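So the structure is just underneath, and the comments pick up after that.
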Amino acid sequence: MADSSKLDKTFDPTAIETRLYEAWESEGCFKAGRAPEAEPYTIVIPPPNVTGSLHMGHALNNTLQDILCRFERMRGRDVLWQPGTDHAGIATQMVVERQLAEQGNESRREMGREKFLERVWQWKEESGSTITRQLRRLGASCDWSRERFTMDAGLSKAVLKVFVTLYEQGLIYKDKRLVNWDPGLLTAISDLEVEQRETNSHLWHFNYPLEDGSGHITVATTRPETMLGDTGVAVHPEDERYKDLIGKNVVLPIVGRLIPIIADEYADPEKGSGAVKITPAHDFNDFEVGKRCGLAAINMLDQHAAIDLSDEAFDTMDRKDEWHGLDRYEARKNIVATLEGLGLVDKIEPDTHMVPYGDRSNQVIEPWLTDQWYVDAEAMAKPAIEAVKSGATKFVPPNWDKTYFEWMNNIQPWCISRQLWWGHQIPAWYDEDGNVFVAESEEAAQAQAGEGVALTRDEDVLDTWFSSALWPFSTLGWPDETPELARHYKTDVLVTGFDIIFFWVARMMMSGLHFKDEVPFHTVYVHALVRDEKGQKMSKSKGNVVDPLEIMDKYGADALRFTLSAMAAMGRDIKLAESRVEGYRNFATKLWNAARFCEMNDCFEAGEFDPTKASLPLTQWLVGEVARAQNAVTTALEAYRFNDASNGVYQFIWNSFCDWYVELAKPALQGADGVAKAEVQAATKWAMDQALRLLHPFMPFVTEEVWAKTAQRDNHLMLDVWPNFPESFINEAADAEVSWLIAAIGEIRSVRSEMNVPAGAQVPLVVVGADAATQKRLSETNAVLKRLARLADISEADAVPEGAVQTVLGEATFALPLADVIDVDAEKARLAKDISKVEGEIKKISGKLGNQGFMDKAPEAVIEENKARLAEEEARRDKLQSALARLG
RNA sequence: GGGCGAUUAGCUCAGCGGGAGAGCACUACAUUGACAUUGUAGGGGUCACUGGUUCAAUCCCAGUAUCGCCCA
């Protein structure tokens, strides 16, 4: 059923995108297993937050994955692009809590765990399809029949298995140590979830009186309020100012506790007063100092980061009720005021320092002593480091492995427990004495504990990234030994932004190696961050967010995809300017109109074209151009050079095919030579089909539409075959012919334009000094030359006519006799400028050739090339000089 | 403080040991043309700076300056 309807004059993406996507999906084009004999190709999607919506980073990330998947699918691989979503513990729980508050509902704690979780699941069901619908909008060719969610049954089973196994292997353990405590969310978070923000504050200098009454020592601090928990004052062992004080005690003001002055290299003599108060329970560095020097860690904050003086250390403190329960910042003010009243404030300096914030909650984080579950990341990192060292997994671009090593070599225990409700509940049960039983089910835990022992389950859930870390194998069915797991693990390439190398990539490496004994992917392609036009990180608060959905509505998904791909050069951020998207929308239109041209010239009805049997220089040249483009795009994609690949196909279609081939083909297509016409028609269709194939991974919609509209096809373009042409398709002789023709047209156009010959005017061309080859070319290309250079006729002569503008091509001089129009002075100036340009080149090249060192050491080919160029330029200069001389 | 990266046309950015490129913007011209979401032609660069290696440096090396990101 050949579609005989004419293509519309412009291409309307919105009208076709949904229709095409639905057709692909409903016909199973995205499904893995279509080619059971073929080599599998596997990518797991970085699972977006289930309640999120598509931002520009997703658009880039998924466009690149889709390009790879479509490319490999066309190359015959059995592609599985495994999709799914992440439960995103903190983020999702926060969203639902906010909703409850906005709707005036009872709060999470009032509702209770069970009811709240029901509510979250309900929200997940409502909003979970938003992001996957948006991915479809982008054209993502995921196998949706295999969609997974980090909290679905299968993946939860994997989580249990991993937790229990690691626990049994001693790689997961419970420990009491300082954690990053979020006093707003009331949960611990991992180091990675803490953002250090530069903050303007003060450095307070307090005088702590010496016990012996001999004076005081001045300590400098950024956190006055934690002084209540001080258990020491540290000075540098080499610091002459304080050497005599080491070992003495000071009386901690307000509290009255005696605390020692100790020597530790942590105290920086350059900073503040050189003496620093040590609060082991509320500062990570102080905790270490305390451990080294045997200082107690006294807790003085509650979970809300309010002052809590219930520790027995405060039993003897005067007026402690005035402090107990105060908010930390209130306490800070009061402490400073009280010390001022006591005359113990030495000075207060403005100071800028880093303050830790929760990346989700925006709360100032408190180091706080709690019991939490940890993964022994150091042990698990070892094989993961080795795997990258050995090249089992490669980063592209490779410099990211430095970042990876840097972090992995200094990895800290990973705090995996969260005091949240939304997530995988930790499979640990406690008896009344606090003994812990870790098992995959309550029954198994009970069996460990013994019949009749009352057990309570650990209330905490796991860090979201704990389940994400299993994604490459849990989505394939692990712990069951499914056929998919056997076939698709390890996966091929992971495509991700550098911001989650630590959060995700490193942890997948660790868990993959531990549980599957093999890396999860052989390549990690790390792409840039998308920023706004000015290079600023996009954020809602800055109001500079470019919404990919709006862009797609305006320009189409193809245009957005192509823009992102064309700008995805390695190692650099993408500054997205809307003008680029507009330009690539125009590119889609260009392709569309090229197709219309082919249709109007009956190319799609033409017979088969055998590229090895092309007989005309034009079609031979075209075959070579297609082969070159195919090779450029393929090579670039194999190397993940998305920008080169995009530019390659862009240049081929716009410059080679539309600007030159189509223009050069017009005389034949509209001419009387039936044989030539038939060959050109067939070649045009063939080249157009190759163009559609090469562009399809980048612009799937417009290419599929053109494919369907222009000929009787028995398949979708997305399931068609990626072209692969041999070097022999490039025909040097044909290249030379067409290059000469292009150069001739260019020279004439240029000289016409510069001499202000009206663009519409048909002028005669007189060629002087043409050799036999040029004479032959002139006669063979007469029609097309006249057409594209707008010539009235072409003749040859022995001498340049009076009053002609001239230009030089090879051995021949092209003259346009324009006696009545010509401005002799302008023409002289133009030629003089040309000559000086050429002479500049000649000087450069002859300088090189005159250099003995160059002649001795440069490769022969380079020397020959320079000699040839010199000869060419000299000949050109001579021709131009005689042209100038002729003007008198 | 440690690490990584950047500096090339007015803007956004490719490139790279041997003839400085693209897109956009700009200027002029063009409505015969598949396409004005177009075409043709053109202007515009000490490839940040200073040294070094080399027959040859925008490219490699060292340093300087400026800017950015990550980690502490």
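Here is the naming used below: chain letters follow the sequence lines, and residue numbers restart at 1 for every chain. Worth saying up front: this structure is predicted, and the values here are computed from it rather than measured.
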field: Under 3.5 Å donor-acceptor pair, A/Arg580 side-chain atoms to B/rG23 base atoms
entry: no
- prompt: Has the side chain of A/Lys590 got a donor or acceptor atom sitting under 3.5 Å from an opposite partner on the base of B/rC35?
  reply: yes
Among [options], which is the nearest nucleotide to the side chain of [X]?
{"X": "A/Lys666", "options": "B/rU37, B/rA34, B/rC71", "result": "B/rA34"}
{"X": "A/Glu873", "options": "B/rG19, B/rC24, B/rA34", "result": "B/rG19"}
{"X": "A/Asn643", "options": "B/rU38, B/rA14, B/rG18", "result": "B/rA14"}
{"X": "A/Phe854", "options": "B/rA34, B/rC55, B/rG15", "result": "B/rC55"}
{"X": "A/Lys837", "options": "B/rU37, B/rG43, B/rG5", "result": "B/rG43"}
{"X": "A/Ser579", "options": "B/rC71, B/rC24, B/rC55", "result": "B/rC24"}
{"X": "A/Ala759", "options": "B/rC29, B/rC24, B/rA34", "result": "B/rC29"}
{"X": "A/Asn851", "options": "B/rC4, B/rA72, B/rC55", "result": "B/rC55"}
{"X": "A/Thr589", "options": "B/rU37, B/rG19, B/rC4", "result": "B/rU37"}
{"X": "A/Arg585", "options": "B/rU37, B/rA34, B/rG19", "result": "B/rU37"}

Counting just side-chain N and O atoms, does [X] come under 4.0 Å of either OP1 or OP2 of [N]?
{"X": "A/Asn586", "N": "B/rU38", "value": "yes"}
{"X": "A/Lys402", "N": "B/rC69", "value": "no"}
{"X": "A/Arg641", "N": "B/rG15", "value": "yes"}

If each of A/Gly760 and A/Glu406 is mapped to the nucleotide of RNA chain B with the nearest heavy atom, which maps nearer the 5' terminus, i.e. the 5' end?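 Result: A/Glu406.
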Note: for A/Ala595 and A/Val194 on RNA chain B, the residue whose nearest nucleotide lies more 5' is A/Ala595
Query raised in the report: Looking just at side-chain N and O atoms, do A/Thr63 and A/Asn61 make a donor-acceptor pair shorter than 3.5 Å?
Result: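 Side chains of A/Thr63 and A/Asn61: no pair found under 3.5 Å.
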Open item on the list: When you compare the side chains of A/Gln651 and A/Asn647, does any donor N or O come within less than 3.5 Å of an acceptor on the partner?
Closed with: no
What I want to find out is whether [X] reaches [Y] closely enough, with some N-O distance under 4.0 Å, to be called a salt bridge.
{"X": "A/Glu578", "Y": "A/Lys554", "answer": "yes"}
{"X": "A/Glu599", "Y": "A/Arg596", "answer": "no"}
{"X": "A/Arg876", "Y": "A/Glu747", "answer": "yes"}
{"X": "A/Asp735", "Y": "A/Arg628", "answer": "yes"}
{"X": "A/Lys837", "Y": "A/Glu841", "answer": "no"}

Report which part of the nucleic acid [X] touches: base, sugar-phosphate, or nothing (heavy-atom distance under 4.0 Å, all strands).
{"X": "A/Asp856", "result": "nothing"}
{"X": "A/Ser750", "result": "sugar-phosphate"}
{"X": "A/Glu582", "result": "nothing"}
{"X": "A/Arg790", "result": "base"}
{"X": "A/Arg749", "result": "sugar-phosphate"}
{"X": "A/Met354", "result": "base"}

Can you pull out every salt bridge (Lys or Arg N to Asp or Glu O under 4.0 Å) where at least one residue sits in residues 642-670 of chain A? Sequence neighbours excluded, please.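 Found A/Arg641-A/Asp644, A/Glu663-A/Lys666.
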Just the rounded figure in Å: distance from [atom2] of [N] to [atom1] of [X].
{"X": "A/Asn601", "N": "B/rA34", "atom1": "CG", "atom2": "P", "answer": "7 Å"}
{"X": "A/Phe562", "N": "B/rU37", "atom1": "CZ", "atom2": "P", "answer": "20 Å"}
{"X": "A/Met600", "N": "B/rA34", "atom1": "CE", "atom2": "P", "answer": "6 Å"}
{"X": "A/Asn410", "N": "B/rC70", "atom1": "CG", "atom2": "P", "answer": "18 Å"}
{"X": "A/Asp283", "N": "B/rA72", "atom1": "CG", "atom2": "C1'", "answer": "13 Å"}
{"X": "A/Tyr584", "N": "B/rC24", "atom1": "OH", "atom2": "C1'", "answer": "10 Å"}
{"X": "A/Ile501", "N": "B/rC4", "atom1": "CD1", "atom2": "C1'", "answer": "11 Å"}
{"X": "A/Met699", "N": "B/rU37", "atom1": "CE", "atom2": "C1'", "answer": "12 Å"}

With [atom1] as the reference atom in both, quote the distance from [N] to [M] in angstrom, rounded to an integer.
{"N": "B/rA48", "M": "B/rG5", "atom1": "C1'", "result": "15 Å"}
{"N": "B/rC13", "M": "B/rG19", "atom1": "C1'", "result": "22 Å"}
{"N": "B/rU12", "M": "B/rG3", "atom1": "P", "result": "30 Å"}
{"N": "B/rA34", "M": "B/rC26", "atom1": "C1'", "result": "28 Å"}
{"N": "B/rG68", "M": "B/rA30", "atom1": "C1'", "result": "45 Å"}
{"N": "B/rC47", "M": "B/rG10", "atom1": "P", "result": "12 Å"}
{"N": "B/rC35", "M": "B/rG43", "atom1": "P", "result": "30 Å"}
{"N": "B/rA20", "M": "B/rA9", "atom1": "P", "result": "16 Å"}

Base-paired stretches in RNA chain B with three or more consecutive Watson-Crick or G-U pairs, both distances under 3.5 Å, amount to B:1-7 with B:65-71, B:10-13 with B:21-24, B:26-30 with B:38-42, B:48-52 with B:60-64
(Q) Show, in sequence, the C-alpha distance, side-chain angles and deciding distance for A/Glu366 and A/Arg223, and conclude whether the salt bridge (charged side-chain N to carboxylate O under 4.0 Å, His left out) test is met. (A) CA-CA 11 Å; A/Glu366 285 295 341; A/Arg223 297 216 54 194; 2.8 Å; yes
| task | Please confirm whether A/Tyr525 and A/Phe642 have ring centers closer than 6.0 angstrom. | result |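 A/Tyr525 vs A/Phe642: aromatic centres under 6.0 Å.
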| task | Assign the ring pair A/Phe395 / A/Tyr404 to parallel, tilted or perpendicular, where the plane angle (0 to 90°) is split at 30° and 60°. | result | tilted
Residues of residues 647-660 of chain A with a heavy atom under 4.0 Å from any atom of RNA chain B, listed by number, are A/Trp654, A/Cys658, A/Asp659
Item checked: Point-to-point distance, once rounded to the nearest 0.5 Å, from CD of A/Glu17 to CE of A/Met552 ->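 Atom-to-atom, A/Glu17:CD and A/Met552:CE are 8.0 Å apart.
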Ring-face cation contact, A/Tyr357 with A/Arg197, 6.0 Å cut, 45° max: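 Verdict for A/Tyr357: a cation-pi partner in A/Arg197.
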